[in-house]
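What follows is one structure encoded as structure tokens, with my remarks underneath.
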Amino acid sequence: NGIPQPSIHSAKILGASEFVGTEVFASGNYAGGISLEPNIDKNIYFPHIANDDYWWTGLVAYNPSVYGTNLSVIPFTDSGIALPSKQIFLSGKSQYIGTVNSLGLHPETAWFKIESSGDIHSFELFGTADGKQMAGCSTVGIKTKRGILPKIEKNGGWTGIAFVNPNQTLTNIDLFAYDDNGSIVARNTLKLNQYDKIVETAENLFSYGVENFDPSKLNHATYIVFYASNEVIGFQIGGSANGMMLESIPALSVKLRE
């Protein structure tokens, strides 16, 4: 009935089947939505950290069980160097919540993972300090060997893309940019060492390590498909030219027919 209930911090939907839902966060002039996901896991990956005078990154890890669970929060630099980890006990039905700064993660953290003794759910939020942009996405079950980054912003907008190799071995990622007619307009191959991360704009991602790159071809690209030698985390974040829209999307996993 429109009455604030500040004591409520989380909720469960029980007995549901085959439905679509969205959770929306709003504050001042901005809002961000996250699709409701039924996934829980013991290994959670946060593939991108935006943390400076303009950007902030928030995160939530939620323990849906009545029993407590132990969390190991393990951050990495973009070159795959492990930084000091944090050990946290998360009691039943409780949350680990905050921004990168408030949670005391190392300032060189480029991405991090959570290893939990019990299954948890989590998501990540990105926002700007001017209060105009916010976006969120789930961080559960986002590893894949074959995926799609479904939207390259046009009309003066921008698209940033990140890939993380969560494996202890070298991983190759073959990238293909397509137009709306299904034609390949650009391609590239990335090599990521163990725990490496790369983050670039869509255009720079296809010029990375490539000679004679023609950036004009990306003018017609509307989405990206990738194939990796090991499971990776792909992620995109995009904004509009007027600075009023922001969206973040984990790579959509592609299941090939047998």
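Basis for what follows: all heavy atoms, side chains included, without hydrogens, waters or symmetry-related copies.
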Please check if the distance between the ring centroids of Tyr45 and Phe112 is under 6.0 Å.
no

Is a side-chain donor or acceptor of Asn242 paired with a backbone partner of Met244 at a separation under 3.5 angstrom?
yes

Assess the side chains of Thr189 and Asp174: does a donor N or O sit below 3.5 Å from an acceptor N or O?
yes

Candidate pair Thr169 and Asn167, rule side-chain hydrogen bond (donor to acceptor under 3.5 Å, both in side chains), full reasoning
CA-CA 5 Å; Thr169 57; Asn167 308 288; 5.5 Å; no

Can you check whether Lys42 reaches Glu115 side chain to side chain, under 4.5 Å on heavy atoms?
no

Verify, without hydrogens or angle tests, whether Lys132 (side chain) and Gly243 (backbone) share a donor-acceptor contact under 3.5 angstrom.
no

Determine whether Ser35 and Glu23 make a side-chain contact, defined as any pair of heavy atoms from C-beta on separated by less than 4.5 Å.
no

Any side chain to side chain donor-acceptor pair (under 3.5 Å) involving residues 67-82? Give me the pairs, sequence neighbours left out, ordered by first then second residue.
Thr69-Ser116, Thr69-Ser117, Ser72-Gln87, Thr77-Ser79

Can you confirm whether Lys154 is buried at NZ, in the sense that more than 12 heavy atoms of other residues, nucleotides or ligands lie under 6.0 Å from that atom?
yes

I'd like to know whether Phe46 forms a ring-ring contact (aromatic ring centres under 6.0 Å, His included) with Phe76, so could you lay out the CA-CA distance, the side-chain angles of the two residues, the decisive distance to 0.1 Å, and finally the verdict.
CA-CA 11 Å; Phe46 294 79; Phe76 295 86; over 10 Å; no

With distance as the sole test, does Asp52 use its side chain to make a donor-acceptor pair with the main-chain N or O of Trp55 at under 3.5 Å?
yes

Under a 4.5 Å cut-off applied to non-hydrogen side-chain atoms, are Asn39 and Ser138 in contact?
no

Test question: given the 4.5 Å side-chain rule for I, L, V, M, F, W and Y, name all other residues clustered with Phe123, or answer none.
Phe25, Tyr30, Ile34, Trp56, Val60, Ile97, Leu125, Met134

Would you kindly say whether Thr99 and Asn101 are connected by a side-chain donor-acceptor distance under 3.5 Å?
no

Membership question, hydrophobic clusters at under 4.5 Å side-chain separation (ILVMFWY): are Leu90 and Ile114 in the same one?
yes

Between the side chains of Asn43 and Asp41, is a donor N or O closer than 3.5 angstrom to an acceptor N or O?
no

Do the side chain of Thr109 and the main chain of Pro75 share a donor and acceptor less than 3.5 angstrom apart?
no

Test side-chain hydrogen bond (donor to acceptor under 3.5 Å, both in side chains) applied to Thr222 and Asp180, step by step:
CA-CA 6 Å; Thr222 55; Asp180 280 341; 2.7 Å; yes

I need the single residue from Phe226, Phe163, Phe126 that forms a ring-ring contact (aromatic ring centres under 6.0 Å, His included) with Phe235. Which is it?
Phe126

For Gln194, does the CD atom sit with more than 12 other heavy atoms under 6.0 Å from it, leaving out its own atoms?
yes

Counting C-beta onward and ignoring hydrogens, is there a side-chain heavy-atom pair between Leu218 and Phe206 closer than 4.5 Å?
yes

I'd like to know if the side chain of Asn63 pairs up with that of Ser65 as donor and acceptor (distance under 3.5 Å, no hydrogens or angles considered).
no

Has the side chain of Asn1 got a donor or acceptor atom that lies under 3.5 Å from a matching backbone atom of Ile3?
no

